[in-house]
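First up is the structure itself, then whatever we jot down about it.
First the proteins, then the strands, lettered A, B, ... as listed; each starts at 1. Worth saying up front: this structure is predicted, and the values here are computed from it rather than measured.
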Number of protein chains: 2
Amino acid sequence: MKTELDSERDFSQQIAQTIRDAIVSGDLPVDGRLPSEADLATRFNVSRPTVREALKRLAAQNLIRTQRGATGGAFVNRLSFAQAQEHMVTTATLLLSMNAVDFETACEARFALERACLPLACTRRTPAHLAGLRAEIARQGTDGLSDEDFCASDVAFHRALVEAAGNPVLSWHMAGAVEAMQPLMNMITFTARSRAQIIARHTDLATALANSDLVAACAALDDLASYTLELGGEIRTQRHARRTSTGQ
Amino acid sequence: MKTELDSERDFSQQIAQTIRDAIVSGDLPVDGRLPSEADLATRFNVSRPTVREALKRLAAQNLIRTQRGATGGAFVNRLSFAQAQEHMVTTATLLLSMNAVDFETACEARFALERACLPLACTRRTPAHLAGLRAEIARQGTDGLSDEDFCASDVAFHRALVEAAGNPVLSWHMAGAVEAMQPLMNMITFTARSRAQIIARHTDLATALANSDLVAACAALDDLASYTLELGGEIRTQRHARRTSTGQ
DNA sequence: CAAATATTAATTGTCTGACATATGCCGAGA
DNA sequence: TCTCGGCATATGTCAGACAATTAATATTTG
């Protein structure tokens, strides 16, 4: 591990980079313990606070965890799918909000990706998957369900759909795409009529999957995509109308 | 912004979370300046090193940048697609290596996602996109090209393919999937024969896109997927044979 | 008056040393 | 043998200081 630092750049950044490289290259094995902060400070010839800043950078990326006490220290994390997923969702959410990605673009990407899961889901779905889908559909038909809960169930439905494809890498990608859309979806007011429409498409999807009918599944998803776009378009129109009326 | 801290958990983590929330919620606008470290220390009633650890956590996620000097400070970064992409690639790479995702699973996910781009790419591809595809194909036929360069060109080809879909969100997702596969692909030795096979499929793909022929494009991509799997399978067999022969 | 130069103030980057706190380990005593 | 209390080690936090950088301001000079 290189311990010479370029005094032009931030020490903590260089130290973090060095350790990160050691982790990525497998030089530091998963669950392996890093030297103590005092050790690292000596090795890199910097102070402990500087080392700590470097370690916090790595902790922010879930690359290490720290533990206090006698046998404590910093340990290399196994990057779990769950953690990576969480991270991806926040990144994707920020990306959508900060770059003013419009609803149509986000929606298009999301449904395009989801369509990619259908062929696999049609062949691999288990009874458990189908039961999960139907459970969410039932939930979506509940009386008095808030818009937010309806959205949450919608996300759960699509997540279950993706899970049915039985590919963790695919699930990871999709979770980011679907969940990042949720804030945008939450802005939509779901009337009783639109809920019924969505539930109908969900039902079609579940049925198609149960029958392993790829063509029907694609049709149902396309239907859902265009209907979602339509709902989103109404929202945009309403907001535009409101903005115009207030002169902003 | 909440300034009360739970003394049970790390201060720097809570402070980072608080500021992150402020950024995500739009409370702190892009390019907005955060209070100085001394200010934050006073507000949260902690010391400056603790505040700095929090800021470094945010810097590690590209959420802020810092600048020294009189008018310096920490500023909210606009999360660009390029940055997010880079981040996603490293995360995806780590995910694949640390969780021993097998070649088949990664490959399946990658091609499934790529297939999702084809319908859009067929309708939206511009002459510039097609030229880019053909340029990479030409490069892949170059004599004396190293395996690594061949792989790089392969990545560039597929990236161009995804770009042709004209959806930045989709491109972002795909870049993570395709580039994270590169280390795995780099382990494959591409014989002259396998290169020719791949180039033939790339050519088919480019032609299908030029003709806006979705069916042909899908067929070419499926061909490429199964051939890639086949190559990967050979590698695994070879490695298994080697492992067996060395008794490991 | 204008331009070059020195001063100053604000801010991040780093260091030093210290104390608080958590936790496994080991030995002393019941 | 089992329990309990110190001890060593490690991270978490603090306080104060100095260095380095940078923009704005004051000052000097042509």
Side-chain angles (χ1 to χ4, degrees), chain A residues 1-20 22-23 28 31-77, chain B residues 1-20 22-23 28 31-77:
Chain A
M1 200 153 67
K2 288 245 168 75
T3 57
E4 300 88 40
L5 300 179
D6 173 10
S7 63
E8 295 301 299
R9 295 189 302 137
D10 281 7
F11 289 162
S12 68
Q13 195 183 353
Q14 297 177 61
I15 294 172
Q17 185 63 51
T18 302
I19 299 177
R20 187 184 357 259
I23 293 175
L28 286 169
D31 290 330
R33 184 178 173 280
L34 272 65
S36 73
E37 295 175 355
D39 263 17
L40 289 170
T42 305
R43 289 196 205 194
F44 286 105
N45 202 27
V46 296
S47 67
R48 223 187 93 191
T50 303
V51 167
R52 281 182 62 82
E53 287 179 11
L55 293 181
K56 293 315 165 199
R57 293 179 116 109
L58 299 176
Q61 297 176 291
N62 273 320
L63 282 174
I64 61 171
R65 62 182 180 278
T66 55
Q67 203 176 349
R68 294 176 72 166
T71 58
F75 299 85
V76 177
N77 257 342
Chain B
M1 200 153 64
K2 287 243 168 77
T3 57
E4 300 88 39
L5 300 179
D6 172 10
S7 63
E8 295 300 301
R9 294 189 303 138
D10 281 8
F11 289 163
S12 67
Q13 196 183 351
Q14 296 177 63
I15 295 171
Q17 185 62 51
T18 302
I19 299 177
R20 188 186 355 260
I23 294 176
L28 286 170
D31 290 329
R33 182 178 175 282
L34 272 65
S36 72
E37 295 175 354
D39 263 18
L40 289 170
T42 305
R43 290 197 205 193
F44 286 104
N45 202 28
V46 297
S47 67
R48 198 159 77 94
T50 302
V51 167
R52 282 181 62 80
E53 287 179 12
L55 294 181
K56 293 314 165 199
R57 293 179 115 108
L58 299 176
Q61 297 177 291
N62 273 320
L63 282 174
I64 62 171
R65 61 182 181 280
T66 55
Q67 203 176 347
R68 294 174 74 166
T71 59
F75 299 85
V76 177
N77 259 341

- Query: How many angstroms lie between atom CG of A/Asn45 and atom CZ of A/Phe11, to the nearest 0.5 angstrom?
  - Reply: 8.5 Å

Which residues pass the side-chain contact (heavy atoms from CB on, under 4.5 Å) test with [X], not counting sequence neighbours?
| X | value |
| --- | --- |
| A/Arg33 | A/Ser36, A/Phe75 |
| B/Ser47 | B/Pro49, B/Thr50 |
| B/Thr42 | none |
| A/Asp6 | A/Glu8, A/Arg9, A/Gln14 |

- Task: List for me each residue that meets side-chain hydrogen bond (donor to acceptor under 3.5 Å, both in side chains) alongside B/Gln17, sequence neighbours excluded, and say none if there are none.
- Result: B/Asp21

- Message: So, using side-chain hydrogen bond (donor to acceptor under 3.5 Å, both in side chains) as the criterion, who are the partners of B/Gln61 when residues are at least two apart?
- Response: A/His87, B/Arg20

- Item | Close side-chain approach of A/Leu55 and A/Ile19, heavy atoms under 4.5 Å | yes

- Item | Flag side-chain contact, heavy atom, 4.5 Å: A/Val76 against A/Leu63 | no

- Query: Is it true that B/Asp31 and B/Arg65 make a salt bridge, defined as a side-chain N closer than 4.0 Å to a carboxylate O?
  - Reply: yes

- Task: Identify, residue by residue, the members of residues 10-20 of chain B with a heavy atom below 4.0 Å from DNA chain C, and return them in order of residue number, or none.
- Result: none

- Return the set of residues passing salt bridge (charged side-chain N to carboxylate O under 4.0 Å, His left out) with B/Arg52 (not counting sequence neighbours), or none when no residue passes. A/Glu53, B/Glu37

- Task: For B/Arg68, enumerate each residue passing the salt bridge (charged side-chain N to carboxylate O under 4.0 Å, His left out) test, keeping only those at least two apart in sequence or located in another chain.
- Result: none

- Note on the structure: In whole angstroms, the gap separating C1' of C/dG13 from CG of A/Leu5 amounts to 13 Å

Pairs under 3.5 Å (N/O, protein and nucleotides 20-22 of chain C):
from: C/dT21; atom 1: O4'; to: A/Arg68; atom 2: NH2; distance (Å): 3.4
from: C/dT21; atom 1: O2; to: A/Arg68; atom 2: NH2; distance (Å): 3.0

- Query: First and last nucleotide of DNA chain D in contact with chain A, 5' to 3', at under 4.0 Å to a heavy atom: what are they?
  - Reply: D/dA8 to D/dT13

- Kindly state which residues belonging to residues 45-66 of chain A come within less than 4.0 angstrom of DNA chain D, counting heavy atoms of the residue only, listed by number. A/Arg48, A/Arg52, A/Lys56, A/Thr66

- Message: On DNA chain C, compare the nucleotides closest to B/Thr71 and A/Thr71; which residue's is nearer the 5' end?
- Response: B/Thr71

- Which heavy-atom pair separates A/Val46 from A/Leu5 by the least distance, and what is that distance? CG1-CD1, 3.9 Å

